Amino acid sequence: MEKIRRTKIADVFKAPKFGSTVDVKGWVRTIRGNKYVNFIHINDGSTVHNLQIVADVEKFGIDFFKPITTGACIHVVGTLVESQGKGQNAEIQADSIEVYGTADPETYPLQKKGHSLEFLREIAYLRPRTNTFGAVFRIRHHMAYAIHKYFNDNGFYYFHTPIITASDAEGAGSMFQATTLDLNNVPRTETGEVDYSKDFFGGATNLTVSGQLEGELGAMALGAIYTFGPTFRAENSNTPRHLAEFWMIEPEMAFYDIHDNMDLAEDFLKYLIRYALEYCKDDIEFLCEHFDKELLDRLNAVVANDFVRLTYTEGVEILEKSGQKFEYPVYWGADLQSEHERYLVENHFKRPVILTDYPKEIKSFYMKQNEDGKTVRGMDVLFPKIGEIIGGSEREADYDKLVQRTKELNMNTDPIWWYMETRRFGTAPHAGFGLGFERLILFITGMTNIRDVIPFPRTPNNAEF
Ligand code: 4AD
Ligand code: MG
């Protein structure tokens, strides 16, 4: 007999050739049956929909089915027939079944009943095998691809910025050190400080918090670049929106001002949502049905409406006049909390908001300074359910102003001397922003905890798997 090739389950449903012989492989989600027939539902990760295998008990013998329990992996060859029941269009009448691997029902943690997301986090090594996480991680993949496609189609170059760096891009100081020094026997200088000249790189280094500074160098040569890589922040913030290791997309463009930057951010986000609606339809519908009934409406609303653009000062006025009780006080100069951001988006404007021109004290040193001496050309894009999804700015292109700002902040510019120099060699207006990849995935999937949109989350006290 001619050997037939394995078909992915998604392809079985896409164009079913009834009457043909198919070869499928997958993990058992459920098995139920009676004296005559067993119905085995399998999933191979290619779609959220399970494929039903119909197996004659007499043909295989009762004992044959004993090892075929939830979690086992099987290989089935059989005839594709039109499905009688509701649900999928096709099912398979099994001719042969091979068991690749069993999963002891006594110890396999994923039984068919619905598990809580909290429990599934504890077994992150198996949770991709659930419908929910299968859907989330497929969407995550498609979004990563769409990001590259968007930038490639629009003439941006993918620019790889380093993971290990000597600079603190955000000046926030919450960095993971990268060292090969023996922590039990740290070399010291004569004055008792750690002697980093003995360290691997001959100086202190850390994991990057942002690729922006090097990204700017790329933009000032290639015109428009983007980064897309992991970033690390050792903030001890145990919130549903923060990870210690997260992925960030950072476009940086020469000759863009803050308005061009906002136009790009809005167009980019709408493109990604439209892409998800087109290419992740089944998975989004599944998540909508099981977790968040308003998900589809919310996605469609963001695509359909213009984002509101207003200054931080105007935003704070609205919040002060709102009469709303917030946990954190709001006043001019305060760093806005997600409750404030969400009030503007969800209650006041009922659409995404781009806030601009923040007080310089609460933003990074590199943002372009406004004439008023108080605010900078920063912009945050605020989304429903999320709050800040993008942070960015027009950059300070003037050497003297940049130097003066770093002095006001008492910054040591030695590790970023090269960044400062670019303002002396062919400086130009430029701008960029950072999109938190996991925050985007939160929005697209309707999940509410950032730990549930990355396969293996890193948070304070947790680096398992
Ligand atoms: O606002 P942030 O800190 O901006 C920067 O890092 C700039 N260098 C970006 C730029 O202009 N090129 O971070 C950007 C985005 C935030 O808006 C948020 O979506 C996400 O990154 N983010 C986090 N996501 C998950 N966990 C964390 N701890 C995050 N911190 C920031
Ligand atoms: Mg920010």
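Since this is a predicted model, take the numbers as computed values, not measurements. Ligands are counted one by one from 1 in listed order, and the atoms in each one are counted from 1 as well.
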Verdict with supporting geometry, R29 and N131, side chain to side chain donor-acceptor pair (under 3.5 Å): CA-CA 10 Å; R29 288 293 167 79; N131 286 337; 2.5 Å; yes
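- Using a heavy-atom distance under 4.0 Å as the criterion, the protein contacts of ligand 1 are E170, S210, Q212, R233, E235, R241, H242, L243, F246, M248, E250, Y366, E388, I389, I390, G391, G392, R395, G432, F433, G434, G436, R439, I450.
- Checked against the 6.0 Å centroid criterion, the rings of H430 and Y256 do not qualify as a close aromatic pair.
- Note that the CD atom of E421 and the OG1 atom of T427 stand 12.0 Å from one another [nearest 0.5 Å].
- Residue side and main chain included, E388 places an N/O/S atom under 2.8 Å of the Mg ion (ligand 2).
- For the atom pair E285 CD and L277 CG, the distance stands at 9.5 Å (nearest 0.5 Å).
- Between R298 and D292 there is a salt bridge, with a side-chain nitrogen of the basic residue lying less than 4.0 Å from a carboxylate oxygen of the acidic one.
- Under the 6.0 Å cut-off for aromatic ring centres, Y158 and F151 do not qualify, their centroids lying 6.0 Å or more apart.
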